[in-house]
Amino acid sequence: MTEPKLSIVDLTKRYAADLDPAVDRLNMEVEEGHLVALLGPSGCGKTTTLRMVAGLMDPTAGSIVVDGKEITHTPVNKRGMGMVFQSYALFPHMNVEQNVAFGLEMRQVTKAEQKARVAAALDMVQLGHLGKRQTKELSGGQQQRIALARALVVEPTLLLLDEPLSNLDAKLRETMRTEIRAIQQRTRATTLFVTHDQDEALDMADRIAVMNGGLIEQFGSPTEVYERPRTHFVANFIGQANFLAARVGAETGRANLAGESHYKVEVDGLGQFGAIGSTGLSGSSHELVIRPHRLNVSLHPGAAQAPLAGTIERVSYTGDALAVAVRIGDQQLHAQMLTSSGDLPRIGDAAYLSWAADDAYLLPAAAQPVRLAA
Amino acid sequence: MSSANASSAKIFKPRFNPAKPAFGVLVFLLYLFLLAPLLIVFVVSFASNQYLSFPPEGLTLKWYEMLPQESTFMEGMKVSLIVAVIVTLIVLVLGVPAALALDRFEFRAKAAVQSFFLSPLLIPSIVLALGMVLLFGPLELNNTYAGIIIGHVAITIPFVIRTTLMSLATTDTSCEAAARILGADSWTVFRRVTLPIIQPGVIAGGVIAFIVSFDEAVISLFVAESGLPTLPVQVLRYVENSADAAVAALSVILILISLAVVVVVERVMGLRKALR
Ligand SMILES: Nc1ncnc2c1ncn2[C@@H]1O[C@H](COP(=O)(O)OP(=O)(O)OP(=O)(O)O)[C@@H](O)[C@H]1O
Ligand SMILES: [Mg+2]
């Protein structure tokens, strides 16, 4: 494997001796050209991690290595990073061109070259015509693009983005996320992207680092963290999930080339099912994760083999989809069905659930106290 | 779009609000109350009355013509201008970094330092002045520029710290972080980013410091009455000895100087903003 662009080793930050660490021995390797999303709930240490990489904050322990060189204690202005802040942080007393040129000026680039590179950067974010504007006279989305141009024009070693989309309205957020991703792929800038929005992370990232309480719970591609969550937290945070406590029985065969196996599992009150998981889980208790849209819901028995019968407890209609909560014994399962022009199911109606063995995934971590549903 | 706006404007036309003219009258009376002394001084400075009194018996410019010959006024003006200029410079050089430190750093005894810097606003200046005379005696600072300047710095620094802190409170510290990441060292960040952003507060503080120092009478009187009288001290002395309207004319000139400072600063700032 080639050398990673960025490696973070046992990075720790304690704001005060009597507080729990905000970032706790965090490890991560980022490949050149990748966009990595730091995803997690509020307060999990995303911003703290990013600021330590930027050099705005000293780590309590651990090291940061970029291109094979340790930069843990390199001053922030010598790191050559580019950063976009949540508030954009454009210099209010400079116009757009002066803002974008600032980093080049600091690098003592000649005036002529500055001019050319600023123009190219502004064209890249499609705002070439606004060079003379004051930053106050720009919309949120335009400020965002200028901030991106200002960070990228210096060809930074790493591009760091701290919730850059959170101040934009929902529509613009979607446009900007496509655009930022396109620009990132074109420039091949290795990027750390902080967000607490799972859709953003799934849509944009090459790799997602799911953070919780100062730790990375899982680091993997979007499909890995969604389809193969390592922990209850990851399964719960990314997308929706039904959790069932299961006793794992015999392995019934090899499931795929990734070394996963099929199992027979037993769920209290529901019966026996097929499930998939990593090898060697037989004989212990694990949580079964089933995504709501992978549950087949039918209003008539007999559509599937050996369905589970239950009653509909809640219906939520969103136009193209219908989310239902189905009570079976003492479990409540969340499922999704497509709407049709016919009658909608009503609360109290009977519903029949089934799922494919490949869609019931056993969490590799030993079961935590059972929580029923997301 | 625009037609929709126009019609909605018609529908929601504000009704007559009786509170508005009442408020206007109130504001007018308030201004009259505040400005009445100034107006009287202005009128008296053109009055031909032999002694300071109101109303005027006739009009004259003789008090203004007297001013240049009154050497005590000219001397006092020189001292006051020198003091005010130096005080303003010192107070900016000390006050702006102090405000930055108070705003940006967490340290023990921060609250104590903050109240120390702002305390001269709360202590009666006569108390300060007395303390300074006693302190300056053994240091041989009485009747020197250094003495007056130290005294004035002490009473004007709170203004600069205040106004600068106010500007800092509304600035986004990410701007400074952004500049550092883009390669600027601490001094460059201060010069190119922080200072331009807090400039309005710094300038306001400087103007206030200049005017307060230029006007200050109590400390100047205690510290340097005999040796280095400032203009306000000379005015006091003059009023003690003679009762003509020359001081009124001088007051008008002083008001005009203060106004000029404010207007020039406003102009320069305004111009610079327009040029950007
Ligand atoms: N300056 C500080 N002093 C003390 N504690 C801090 C400081 N900054 C952050 N923390 C704490 O450190 C933890 C991590 O904060 P951080 O800002 O990194 O979270 P985050 O993941 O970026 O959250 P958010 O999504 O809300 O921005 C939080 O518990 C926070 O309260
Ligand atoms: Mg944050």
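Lettering of chains follows the sequences in order, A, B, ..., and the numbering in each one begins at 1.
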Problem set entry | Atom pair CE/CZ of Met83(A) and Arg180(B) - distance to nearest 0.5 Å | 11.0 Å
For this session: Check whether any side-chain heavy atom of Leu56(A) sits under 4.5 Å from a side-chain heavy atom of Ile181(B), and report yes or no.
Result: yes
Exercise. Mind checking whether Phe85(A) and Thr173(B) have side chains closer than 4.5 Å, heavy atoms only?
Worked result: no
For this session: Take atom CG of Asp20(A) as the centre, draw a 6.0 Å sphere, and report whether it contains more than 12 heavy atoms from other residues, nucleotides or ligands.
Result: no
Exercise. If every non-hydrogen atom of Ala178(B) is compared with every non-hydrogen atom of Arg150(A), which pair is closest and at what distance?
Worked result: CB-NH2, 3.4 Å
Exercise. For the side chain of His93(A) and the backbone of Gln199(B), is there at least one donor-acceptor N/O pair under 3.5 Å apart?
Worked result: no
For this session: Can you tell which part of Val154(A) gets under 4.5 Å to a heavy atom of chain B, answering side chain, backbone, both or neither?
Result: side chain
Exercise. Listed by chain and number, what are the ring pair (Phe, Tyr, Trp, His ring centres under 6.0 Å) partners of Phe42(B), not counting sequence neighbours?
Worked result: Phe46(B)
Problem set entry | Where Cys175(B) and Leu90(A) come nearest, the two heavy atoms and their spacing | SG-O, 3.4 Å
Exercise. Glu105(A) versus chain B, heavy atoms under 4.5 Å apart: side chain, backbone, both or neither?
Worked result: side chain
Problem set entry | Donor-acceptor under 3.5 Å (Arg107(A) side chain, Leu182(B) main chain) | yes
For this session: With the side chain counted from C-beta on, respond yes when Phe102(A) and Arg192(B) share a heavy-atom pair under 4.5 Å apart, and no when they do not.
Result: yes
Exercise. Just wondering, are more than 12 heavy atoms of other shown residues or ligands nearer than 6.0 Å to CZ in Arg173(A)?
Worked result: yes
For this session: Can you establish whether the number of heavy atoms outside Arg108(B) located under 6.0 Å from its atom CZ is more than 12?
Result: no
Problem set entry | Side chain / backbone / both / neither for Thr188(B) at chain A, heavy atoms under 4.5 Å | side chain
Exercise. Crowded around Lys110(B) NZ? As in, over 12 foreign heavy atoms under 6.0 Å?
Worked result: yes
Problem set entry | Closest non-hydrogen atom pair, Asp172(B) against Ala89(A) | OD2-CA, 4.0 Å
